[in-house]
Amino acid sequence: MEKAMMNQDGAIKDVFLAGLRNAHAVENEAVSLINRQLERLENYPEATERLQQHLSETHAQIDRLEAILDSIGDSPSMAKDTVAKLMANMAALGHTMAGDEILKNTFANYAFENYEIAAYKSLITIAEAGGFTSAVPALQQTLQEEEAMADWINKHIAGTTTRFLTLKQSGAQAHR
């Protein structure tokens with residue numbers, strides 16, 4: 001009864017829609033970030049493979065978000081998507097100047113994945129509170145993918161750093 005009353009005024013729906021649009025923009029930002037990184041990755045085949053896998057997952061996540069928005073009679077915010085893509089390209093460009101680009105990208109990717117994890121946990125809570133239960137399985141699937149990516153990055157920070165140091169010491173191109 002309380003959930004229905006809270007949702008009648010549209011407050012939860014408004015928060016849910018804003019969160020979905022924000023998540024859509026963040027996923028578009030992720031696509032841009034991953035693409036920029038893949039263009040420059042040369043000496044880290046495991047990272048290349050995992051980023052390519054996550055790029056496919058991210059496209060599916062965007063599709064899921066669009067389906068949820070469509071089921072509620074809404075659509076993504078093109079303005080938010082455009083700004084997010086621009087921000088991603090600027091961030092990636094900033095890291096290309098660094099002598100330790102791979103390390104900076106690894107740190108940023110780990111932070112980004114954890115941001116997405118928090119956002120999807122929040123969206124699931126909002127969906128449940130607002131009675132948007134049909135959206136929960138898709139959001140949980142995305143949450144699991146983001147958690148898996150964050151876990152993969154976490155488990156590979158030391159290895160990526162060690163490979164960077166080894167390449168750097170040998171005089172090879174180490175930064176990407």
Practice item. For residues A127 and L139, report the shortest heavy-atom separation together with the two atoms involved. Key: CB-CD1, 4.2 Å
Check your understanding: Do I153 and T160 have side chains that get closer than 4.5 Å, going by heavy atoms?
Key -> no
Review point. Which of these passes side-chain contact (heavy atoms from CB on, under 4.5 Å) with L20: L123, I126, V15?
Key: L123
**Study point:** More than 12 heavy atoms from other groups under 6.0 Å of CD on Q53
**Key:** yes
Review point. Would you call K121-E146 a salt bridge at under 4.0 Å N-O?
Key: no
Review point. Are the side chains of V26 and F112 in touch, meaning some heavy atoms are under 4.5 Å apart?
Key: yes
Study note, to complete from the structure: In short, T58 meets V31 closest at the heavy-atom pair CG2-CG2, 3.6 Å
**Study point:** Non-hydrogen atoms of N114 and A150 that approach each other most closely
**Key:** ND2-CB, 4.2 Å
Check your understanding: What's the spacing between D151 CG and H156 NE2 if we round to 0.5 Å?
Key -> 9.5 Å
**Study point:** R21/D74 ion pair, N-O < 4.0 Å
**Key:** yes
Point to revise | Donor-acceptor side-chain pairing of E57 and H54 below 3.5 angstrom | key: yes
Review point. Are any side-chain N or O atoms of R64 and backbone N or O atoms of A135, one a donor and one an acceptor, separated by less than 3.5 Å?
Key: no
Exercise for review: Calculate, to the nearest 0.5 Å, the distance between atoms CZ and CD belonging to F164 and Q169 respectively.
Suggested key: 10.0 Å
Exercise for review: Using salt bridge (Lys or Arg N to Asp or Glu O under 4.0 Å) as the criterion, list what pairs up with E113, not counting sequence neighbours.
Suggested key: none
Exercise for review: Would you please test L103 and I157 for side chain to side chain contact (heavy atoms under 4.5 Å, CB included) and show each step?
Suggested key: CA-CA 8 Å; L103 297 181; I157 292 171; over 6 Å; no
Review point. Hey, does Y120 have a side-chain heavy atom less than 4.5 Å from the side chain of Q140?
Key: no
**Study point:** Distance, nearest 0.5 Å, that separates CD of E46 from CG of L41
**Key:** 12.0 Å
Check your understanding: Could you state the interatomic distance from OG1 (T48) to CZ (R40), rounded to the nearest 0.5 Å?
Key -> 12.5 Å
Check your understanding: Of all heavy-atom pairs between P137 and S134, which one has the smallest distance, and what is that distance?
Key -> CD-O, 3.6 Å
Review point. How about E66 and I62: do any of their side-chain heavy atoms sit closer than 4.5 Å?
Key: yes
Check your understanding: Could you state the interatomic distance from OH (Y44) to CD1 (I102), rounded to the nearest 0.5 Å?
Key -> 5.5 Å
Exercise for review: Please check if any side-chain donor atom of H59 sits under 3.5 Å from a side-chain acceptor atom of D63, or the reverse.
Suggested key: no
Exercise for review: Decide, yes or no, whether a salt bridge links K104 with E101 under the criterion of side-chain N to carboxylate O below 4.0 Å.
Suggested key: no
Practice item. Could you grab the distance from atom CG of N109 to atom CE of M149, nearest 0.5 Å is fine? Key: 6.0 Å
**Study point:** side chain to side chain contact (heavy atoms under 4.5 Å, CB included) evaluation trace for F132 with I68
**Key:** CA-CA 9 Å; F132 303 103; I68 295 168; over 6 Å; no
**Study point:** Closest non-hydrogen atom pair between E116 and A30, with its separation
**Key:** OE2-CB, 4.3 Å
